[in-house]
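See structure below.
Side-chain atoms are counted along with the backbone in the values below, which use heavy atoms only and exclude waters and symmetry mates. First the proteins, then the strands, lettered A, B, ... as listed; each starts at 1.
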There are 2 protein chains.
Amino acid sequence: MSLPERTVERLSEYRRSLLQCLEEGKTHIFSHELAELHHNTAVQVRRDIMFIGYTSMQRKGYDVRELIDVIGDILDSEKGLNVAVVGIGNLGRAVTTYFVGKRSKLNIIATFDVETTKIDRVISGVKCYPLSRLKEVVASHQISIAIVTVPADSAAEVSSQLVEAGIKGVLNFTTVPLDVTKDVYLDEYDMITSLEKVAYFVKTSRS
Amino acid sequence: MSLPERTVERLSEYRRSLLQCLEEGKTHIFSHELAELHHNTAVQVRRDIMFIGYTSMQRKGYDVRELIDVIGDILDSEKGLNVAVVGIGNLGRAVTTYFVGKRSKLNIIATFDVETTKIDRVISGVKCYPLSRLKEVVASHQISIAIVTVPADSAAEVSSQLVEAGIKGVLNFTTVPLDVTKDVYLDEYDMITSLEKVAYFVKTSRS
DNA sequence: AAAATATTGTTAATTTAATCACAGTTTCAG
DNA sequence: CTGAAACTGTGATTAAATTAACAATATTTT
Ligand SMILES: NC(=O)c1ccc[n+]([C@@H]2O[C@H](COP(=O)([O-])OP(=O)(O)OC[C@H]3O[C@@H](n4cnc5c(N)ncnc54)[C@H](O)[C@@H]3O)[C@@H](O)[C@H]2O)c1
Ligand SMILES: NC(=O)c1ccc[n+]([C@@H]2O[C@H](COP(=O)([O-])OP(=O)(O)OC[C@H]3O[C@@H](n4cnc5c(N)ncnc54)[C@H](O)[C@@H]3O)[C@@H](O)[C@H]2O)c1
């Protein structure tokens, strides 16, 4: 019933490029053009689009606006989903600032921290609550997704509180793998790993 | 000659857990323990370790310290590699602060920006240079890796300047896919995509 | 010291993802 | 109107990654 993870990722990426095209006044795009933008192949693009059941006007390429809408039908929730950022340090602030106001079905509507100096502060219009109020605020604001940017040694504890509070999706930027119940979708991004990977391939290409 | 990307990633992640184990005084670890920490299987762990040609003392698990060293031999460059952060806005500052001082073979030794107010500022001991001096500084400091955190609309331009300057690895945090020559290793991380993916799977698990 | 147990290393099987190859359209040039 | 060119959509194929299965080995138990 649900699409392969990699396809979901690529669709999200395609959409961003398509929105860019729209701004530039481009109304149609060929599979090989999208492919080139995204470092993959025309077949891959067509296959991804096939997955979502969209078919283009033959020979003219894909209608940019239509494709954006179709991807939206797949990826977005009709009413949008509410998101919280947990841990308002350097990264948490950057993320919050960045996401707020992005046209999107994902609304950051609360942040959480434990440090008293941060509580009640407003970042880009979003208020910071004490972590102790997590469950209550998640429920009252119908928050379903959490972005975790707390220090590594608080991560496990925070993670279980999130599950407890009824969060359904977690994006973890901490460098420790979290543990959630399996009704919660977890995506982990580890920046150190990315950088070490780049370093590895730089190293091996040298020799 | 070089390992699969996913294996490299996992090795980097294993190492982090292993360092943690060491701190906790744990000297040996079983494949299934590592697997559990990293949401994968014991076979997967053993296979990854097989790739790097390490074999444990049978029946006792892997020697934590040895395994850390062996992973280091694979991932790290003997002398370390120098890294620059390009674009010292919210994200660039967070990343710089975070990485500096991490014991590691990856040293952030310069940052770059175009805004005059940021130039010559020092963040966590790292100086900010004007982008116009990129080529010169990259050469003089032997910088081989760049982390890109400039605004989306400058990304393409900056990317070609990086290639021109002789950078060999790029970690792109921008939401536009970059284009580099194929002697340059490129890793792109798109935070919006991650979040949209989480949202998609939250949505589909609902229905 | 034999049997039972726990764990690794690896071959083989399976699953998943990507690519090839090509028929089917539409457009265009002559 | 005909044939060549340019794309798409997809069945078939190949490649890559993961998982299953199990022999080999060390340890513990009896
Ligand atoms: N800064 C980066 O660029 C970067 C890069 C990679 C990974 N990370 C990871 O992101 C996390 C945060 O990094 P940072 O640089 O923003 O750190 P930071 O110290 O600046 O921020 C951490 C914030 O979390 C708050 N906090 C602590 N315990 C908490 C709890 N139990 N509940 C809620 N909030 C709590 C702190 O008060 C602080 O505001 C770390 O785990 C780090 O490993 C950061
Ligand atoms: N902040 C986040 O959490 C976040 C999340 C996802 C993606 N990103 C991406 O990261 C990038 C930066 O985000 P940010 O929030 O830090 O933005 P920002 O505006 O705070 O910072 C951008 C910095 O880049 C500098 N800059 C502009 N043009 C430059 C150039 N040509 N060369 C060098 N420096 C230049 C600016 O002076 C500024 O200091 C954006 O592309 C954004 O899409 C950020």
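- The CD atom of B:Glu9 sits 13 Å away from the C1' atom of D:dA17 (whole-angstrom rounding).
- In this model, a donor atom of one side chain and an acceptor atom of the other lie less than 3.5 Å apart for B:Asp187 and A:Ser194.
- If you measure from atom CG of B:Asp48 to atom C1' of D:dA16, you get 14 Å, rounded to the nearest angstrom.
- For the pair A:Asn40 CG and C:dT19 C1', the computed distance is 12 Å after rounding to whole Å.
- Listed by chain and residue number, A:Leu34, A:Leu37, A:His38 satisfy the side-chain contact (heavy atoms from CB on, under 4.5 Å) test with A:Ser17 (two or more places apart in sequence, or in another chain).
- Between B:Glu5 atom CD and D:dA16 atom P there is a gap of 13 Å when expressed in whole angstrom units.
- Summarising the geometry, the separation between CZ on B:Arg6 and P on D:dA15 is reported as 22 Å, rounded to the nearest angstrom.
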For residues 94-102 of chain B, tabulate all N or O donor-acceptor pairs below 3.5 Å that involve a side-chain atom, not counting sequence neighbours.
residue : atom : partner : partner atom : Å
B:Thr96 : OG1  : B:Gly92 : O            : 2.7
B:Thr97 : OG1  : B:Arg93 : O            : 2.7

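- What separates CD1 of A:Ile52 from P of D:dT8 is a distance of 14 Å, to the nearest Å.
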With B for base contact, S for sugar-phosphate-only contact and - for none (protein heavy atoms under 4.0 Å), nucleotides 6-15 of chain C reads BBBBBBB---
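- Pairs engaging residues 138-162 of chain B under the side chain to side chain donor-acceptor pair (under 3.5 Å) rule: none recorded [sequence neighbours left out].
- Atom pair A:Leu3:CG and C:dA17:C1' shows a separation of 13 Å (rounding to whole Å applied).
- Between the P atom of C:dA18 and the NE2 atom of A:His39 lies a distance of 15 Å, rounded to the nearest Å.
- Contacts of A:Lys60 classified as side-chain contact (heavy atoms from CB on, under 4.5 Å), with partners at least two apart in sequence or in another chain: A:His28, A:Met57.
- Residues meeting the side-chain contact (heavy atoms from CB on, under 4.5 Å) test with A:Arg65, sequence neighbours left out: A:Leu22, A:Asp63, A:Asp69.
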